[in-house]
Number of protein chains: 2
Amino acid sequence: MSDKKETTTEPNSQGRIRQENKKRIMSAAEKVFAENGFRGSTTAAIADAAGLPKANIHYYFGTKEELYRAVVDDIVELWLSSFREITEDDDPASTLADYIRAKMELSRNRPEASRVFANELIRGAPRIKPYLSGDLKNWVESKSAILDKWVSDGKMAPVDSTRLIFHIWAMTQTWADFEVQWSCILGRQNGLEDADFEQATNSIITTILRNCGLLPLPERKPL
Amino acid sequence: MSDKKETTTEPNSQGRIRQENKKRIMSAAEKVFAENGFRGSTTAAIADAAGLPKANIHYYFGTKEELYRAVVDDIVELWLSSFREITEDDDPASTLADYIRAKMELSRNRPEASRVFANELIRGAPRIKPYLSGDLKNWVESKSAILDKWVSDGKMAPVDSTRLIFHIWAMTQTWADFEVQWSCILGRQNGLEDADFEQATNSIITTILRNCGLLPLPERKPL
DNA sequence: GGAAAATCCGACCAAAGGGTCAAATTTTGC
DNA sequence: GCAAAATTTGACCCTTTGGTCGGATTTTCC
């Protein structure tokens, strides 16, 4: 079913035009898929966004499905590569804060990538389940093991380390996926501003560090 | 453009069959829209899920767009009605905990509703922006005012009350919208279990209450 | 019980959708 | 400079899709 174009044989060292066009198409596709999901996106819309005739999309990617997979694979790679390595010797507070900042920068700079991913998850992740149950599961397990080590070393208070990671993701990605909701509620006519992301970042960091006993208990205002 | 069936004139007191069928179709539509978004959903798929011929969908709802709006309006109403009233005289800790529990129960029991809403937001909320900038904005503003009052009354520590609400939503809704991600990572072959939701609920409550200085600072394990 | 209203539903239609093709043009490698 | 390879593109094809229609069946109401 997919043995007709064999992208694997392509020498790839040359093909400057090919590289450029594929990148252009994938970037356009990311936008369209983010907004409409896989089934709701049309190859015509993608071609339009890329400024190319529809036939070119099929020339470079065969089917819509293949293009989608290429886009998703790209995002998965971005996801995994964007995590700085963490070791048990690191300082919990600054490591967690840095991680939250990195995730928020992704939400700010690559919101479409986040939304493509979100779309895929909402649909039950038919195409990326193996990745979720594989690389991603391993990543979470190894990181929560480090958190647990920090706890048992007395470097931070006991927490549910797995849920901690989940909830960091939820709080950071919501600023990309559901941006329109927050910008409406905050009354930002032209979308969220840098300052909104900064404030959100600080709020998340505070929440997480307090939860881990890494910030002093905030004083209540005296009656 | 919509003056041909005039659903408003329908006496509605009779029409038992009508009520039942509309409910059946909307319930099926919620499922299909949740999984495929508006553009990705076909009326045939909805009819199929409802166990009715496609023509009936159009008989009761006119167009796909009208059906979608009916479903979304229903969800918006559910959203707003599910919030217990809060007053400044309430106890912060139990009020926040109750609210988180209520949101988590919605995520557990009406995940499709949450996903339809999420789909709409990811797309930029073309059809519900007025609701976001209206009712929802007001709701958030009135609730964050109460939180602020609690702070100035010394009943809880100073927090960014608006972001607090946003992040409660993010952490609770992620368990509906992205359930597949969490169940893969947790290795649950058959989807999340009740116990998973309980554990998540507790984790969120702890996080939020600690953030508000409503739980004692957790002790670190001594070296 | 019977006529009017409501409901059901298979058959149909025009538009949009994914994908193909072959001829024309451009780029590459020597 | 030129032949082979790569790329471009409009026209085309078949399937899917949202939506309609009209006649059959059921329900309602007196």
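Protein chains get the first letters and strands the later ones, always in sequence-line order, with residue 1 at the start of each.
- Considering only heavy atoms from C-beta on, A/Leu136 comes within 4.5 Å of B/Gln181 through its side chain.
- The backbone N or O of A/Tyr59 lies less than 3.5 Å from no partner atom in the side chain of A/Asn56, so there is not a single donor-acceptor pair.
- Look at CG on A/Asn56: it is 14 Å from P on C/dT20, rounded to the nearest Å.
- In this structure the side chain of A/Phe38 never reaches within 4.5 angstrom of the side chain of A/Val71, judged on heavy atoms.
- For the segment residues 39-54 of chain B, residues with any heavy atom less than 4.0 angstrom from an atom of DNA chain C are, sorted by number, B/Arg39, B/Pro53.
- Within the 4.5 Å cutoff, no side-chain heavy atoms of A/Leu106 are placed close to those of A/Thr172.
- For the pair B/Ile57 CD1 and D/dC21 P, the interatomic distance rounds to 18 Å; values are reported in whole Å.
- The closest donor-acceptor contact from the side chain of A/Asn119 to the backbone of A/Ala34 lies under 3.5 Å.
- The NE2 atom of A/His58 sits 13 Å away from the P atom of C/dG17 (whole-angstrom rounding).
- Taking every heavy atom of residues 25-36 of chain A and every atom of DNA chain C, no pair lies under 4.0 Å.
- Side-chain contact check for B/Tyr60 and B/Glu66: no donor-acceptor pair (N or O, by modelled atom type) lies under 3.5 Å.
- Put simply, CG on A/Asn21 is 13 Å from C1' on C/dT27, counting in whole angstrom units.
- Looking at B/Met104 and B/Asn202, their side chains never come closer than 4.5 Å, going by heavy atoms from C-beta outward.
- If you take CZ of B/Arg16 and C1' of D/dT26, they are 12 Å apart, rounded to a whole angstrom.
- If you find the closest nucleotide of DNA chain C to A/Glu65 and to B/Ile17, the one lying nearer the 5' end belongs to B/Ile17.
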